[in-house]
*Asks:* 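Quick one: the structure is below, questions incoming.
These values consider heavy atoms only, across backbone and side chains, with no hydrogens, waters or symmetry-generated copies. Predicted model, so just to flag it, every value in this text is computed and none were measured. Whatever order the structure lists them in is the order used to number ligands and atoms, beginning at 1.
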Amino acid sequence: MKTPIELKVLDSRIGSEYPLPNYATVGSAGMDLRAMIDTDMVIEPGQTELIPTGIAIHVADPSLAAVILPRSGLGHKKGIVLGNLVGLIDSDYQGQLMVSCWNRSNEPFTLQIGERLAQLVFVPVVQAQFKLVDEFESSQRGEGGFGHSGTQ
Ligand SMILES: O=c1ccn([C@H]2C[C@H](O)[C@@H](COP(=O)(O)OP(=O)(O)OP(=O)(O)O)O2)c(=O)[nH]1
Ligand SMILES: [Mg+2]
């Protein structure tokens, strides 16, 4: 059962020249987002560009969010990842989905019009309410962290 999410097309090439974002296979977790730029653009080594996707979504339900993640092929082979590492889309955000595209490689990268450059994943969210305490009930880990448990 898929969850209905409102989507607005902001760039008319989406839904005509390019399909709406969709799941490539029945088991896909992410749907690819496209670079809705006017011309192909070169992203120089180390440079970061904010790329429009041509769509807006309204998740609406505070128990859901969306995250923008790199595509593994582009990230691993070409060094094209996200300037913010992960993009978090709040459930009340209604603006255009933007992708911060970071060329962390040593080669210029040509981003083509309509290229699928990142992916959108919907995730459940729990909003917490902090309850102030002076002491925690003791746990097995306690305050140990940052490699405390070793490597093997
Ligand atoms: O890769 C991203 C990350 C965020 N956003 C949008 C949706 C998100 O809901 C909003 C704010 O993102 P975030 O809270 O991560 O950024 P901020 O720097 O804290 O901005 P704000 O002060 O608007 O919350 O920007 C994107 O379109 N793409
Ligand atoms: Mg914020």
*Asks:* Using a 4.5 Å cut-off on heavy atoms from C-beta on, say whether the side chain of L111 contacts that of N103.
*Replies:* no
*Asks:* Does anything in residues 110-133 pair up under side-chain hydrogen bond (donor to acceptor under 3.5 Å, both in side chains), and if so which pairs, sequence neighbours excluded?
*Replies:* D32-R116
*Asks:* Give every donor-acceptor pair under 3.5 Å between a side-chain atom in residues 72-88 and any protein atom, sequence neighbours left out.
*Replies:*
none

*Asks:* Within a strict 4.5 Å, meaning less than it, do heavy atoms of the I57 and F122 side chains meet?
*Replies:* yes
*Asks:* What short N/O contacts, under 3.5 Å, does ligand 1 make with the protein, listed by atom pair and distance?
*Replies:*
| unit_1 | atom_1 | unit_2 | atom_2 | d |
| --- | --- | --- | --- | --- |
| ligand 1 | 1 (O) | N84 | ND2 | 3.0 |
| ligand 1 | 1 (O) | M98 | O | 3.4 |
| ligand 1 | 9 (O) | D90 | N | 3.0 |
| ligand 1 | 9 (O) | D90 | OD2 | 2.6 |
| ligand 1 | 27 (O) | M98 | N | 3.1 |
| ligand 1 | 28 (N) | M98 | O | 2.8 |

*Asks:* Determine whether L7 and V9 satisfy the following criterion, side-chain contact (heavy atoms from CB on, under 4.5 Å), listing intermediate values before the conclusion.
*Replies:* CA-CA 7 Å; L7 179 146; V9 172; 3.9 Å; yes
*Asks:* Which pairs pass side-chain hydrogen bond (donor to acceptor under 3.5 Å, both in side chains) with one or both residues in residues 50-69, sequence neighbours excluded?
*Replies:* H58-Q94, D61-S63
